[in-house]
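These notes are about the structure you will find just below.
Quick note: residue numbers are just sequence positions, from 1.
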Amino acid sequence: MTDTDDPAEPPACRRLVGRTAVVTGAGSGIGRAAARRLASEGARVVAADVDVESGRAVAEQIGGLFVHTDVTDPGQVEALFAAAQDTYGSVDVAFNNAGVSPPEDGSILTTGLDAWSRVQEINLTSVYLCCKAVLPYMQRQGRGSIINTASFAAVLGAATSQISGTASKGGVLAMTRELGVQFAREGVRVNALCPGPVDTPLLRELFAKDPERAARRLKHIPMGRFARAEEIAAAVAFLASDDAGFVTASQFLVDGGASGAYVTPL
Ligand code: NAD
């Protein structure tokens, strides 16, 4: 009998027993919800964040390991995956999720080069660094699932532009597809998670506290609401697990129907 055969635990909810999962941006929002969900499915979770307090708190809650990491720093990223390997003996899941959406990133007409570059570094270069660091472990194991957080903004245009954020997520999507194809025969799956708007601190800061700005977006979502972080975390757990064994190089949209919509319900 394996761990997943335990009659006390429904097998579908314990899909990650024996697996090690690294989550970046684990201190808040989608990352925090995913760290909790992956741990609840049996994974040993390594929570990484640049914010020590929130990252450590999440790791403590789920009995995981906290590694203080700035995902734009190549040395720190390498040390993060090395810590996962050294502590738990494998790196099976990498949820490369840390990202930002600062107010200085807006229309191309007003966004300066500094804001552009910073967002590219945190949202896109970081994913390059994390994938580059984790792939050798997964190649050696002949197994692994990489999930990179892109966005519905990678597949839909918005008149309310955040130009560097959108471009960065387009880059994450294209890079992920390519990695999924390149490593498919080595047992490593690589997928781009594309959330629609999610009710997290990042989104709240952007517009949820302004009802008019929120309403402007909500009418384009067939479901008429923002996602809960837990709904995105459920997709992460699926992509991390063997249930997604034939899913790779995908743009995995979890967007309440936004990307499929023309006229939405009133
Ligand atoms: P959030 O602000 O709630 O959490 C982001 C976390 O990343 C924070 O804990 C922050 O400290 C951490 N972080 C920021 N810079 C970092 C760095 N350099 N190194 C390490 N950690 C860093 O945001 P969220 O809404 O949970 O967003 C998570 C991801 O989802 C981001 O990539 C974001 O672009 C993407 N996303 C969010 C939405 C949304 O509506 N919230 C929609 C689509 C995509």
Side-chain angles (χ1 to χ4, degrees), residues 2-6 9-26 29-47 58 62 64 84 90-99 127 130-131 134 138 141-152 154-155 169 172-173 175-177 179-181 183-184 186-200 221-223 225-260:
T2 66
D3 283 334
T4 48
D5 291 330
D6 181 348
E9 298 287 353
C13 294
R14 298 285 291 172
R15 294 175 292 188
L16 300 170
V17 171
R19 308 280 167 95
T20 304
V22 175
V23 178
T24 69
I30 295 169
R32 177 165 61 188
R36 286 181 176 155
R37 173 68 186 247
L38 296 171
S40 81
E41 294 223 19
R44 300 170 295 230
V45 174
V46 180
V58 169
I62 60 177
S90 66
V91 193
D92 306 289
V93 177
F95 181 35
N96 302 321
N97 163 76
V127 176
C130 288
C131 290
V134 78
M138 293 181 169
Q141 292 164 186
R143 178 177 88 176
S145 170
I146 297 175
I147 302 148
N148 295 327
T149 305
S151 170
F152 72 137
V155 299
K169 295 305 187 180
V172 170
L173 185 59
M175 176 166 51
T176 302
R177 185 187 302 123
L179 298 180
V181 172
F183 296 99
E186 297 187 52
V188 181
R189 295 181 296 102
V190 194
N191 290 291
L193 179 71
C194 298
V198 188
D199 186 7
T200 67
I221 305 169
M223 287 195 173
R225 65 174 177 86
F226 298 132
R228 286 182 291 112
E230 290 73 22
E231 291 173 312
I232 308 302
V236 174
F238 167 70
L239 290 171
S241 79
D242 293 344
D243 281 350
F246 203 54
V247 183
T248 199
S250 77
Q251 57 181 48
F252 201 88
L253 282 150
V254 187
D255 67 351
S259 58

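- The shortest non-hydrogen separation linking Ala26 to Ala47 is CB-CB, 3.6 Å.
- No side-chain donor-acceptor contact under 3.5 Å links Thr200 to the backbone of Ile30.
- Residue Met175 qualifies as enclosed at atom CE: its count of foreign heavy atoms under 6.0 Å is above 12.
- Between the Arg36 side chain and the Gly31 main chain, no donor and acceptor come within less than 3.5 Å of each other.
- Counting heavy atoms from C-beta outward, Gln251 and Arg177 have side chains that approach closer than 4.5 Å.
- For the atom pair CD (Glu231) and CE (Met223), the distance works out to 8.0 Å, reported to the nearest 0.5 Å.
- In this structure, the side chain of Glu230 does not engage the main chain of Ala33 through any donor-acceptor pair within 3.5 Å.
- A salt bridge links Arg143 to Asp92: one of the charged nitrogens lies within less than 4.0 Å of a carboxylate oxygen.
- Of all non-hydrogen atoms in Gly256 and Ile221, the two that sit nearest each other are O-CG2, 3.9 Å.
- Taken to the nearest 0.5 Å, the CG atom of Leu193 stands 14.0 Å off from the CD1 atom of Ile146.
- Taking the side-chain hydrogen bond (donor to acceptor under 3.5 Å, both in side chains) definition, one finds that Arg189 meets it with nothing, sequence neighbours left out.
- Checked against Arg19 for a side-chain contact (heavy atoms from CB on, under 4.5 Å), the options Leu38, Val45, Asp242 give a single hit: Asp242.
- Asn148 places no side-chain N or O within 3.5 Å of a backbone atom of Ala192 that could act as its donor or acceptor partner.
- When every heavy atom of Ala227 is checked against every heavy atom of Ile232, the shortest pair comes out as CB-CD1, 4.0 Å.
- Closest non-hydrogen pair, Ser250 versus Asn191, comes out as OG-OD1, 2.8 Å.
- Checking side-chain atoms of Ser145 against main-chain N and O of Leu239 turns up a donor-acceptor pair under 3.5 Å.
- Across all their heavy atoms, Thr248 and Gly180 have their closest contact at OG1-CA, 3.8 Å.
- Residues Cys194 and Asp255 fail the side-chain proximity criterion, which asks for heavy atoms closer than 4.5 Å.
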Legend entry - side-chain contact (heavy atoms from CB on, under 4.5 Å) evaluation trace for Phe152 with Lys169: CA-CA 8 Å; Phe152 72 137; Lys169 295 305 187 180; over 6 Å; no

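- Considering Asn96, Val22, Asn97 in turn, Asn96 is the only one that fulfils the side-chain contact (heavy atoms from CB on, under 4.5 Å) rule with Cys130.
- Residues Arg37 and Ala237 come closest through the heavy atom pair CG-CB, 3.7 Å.
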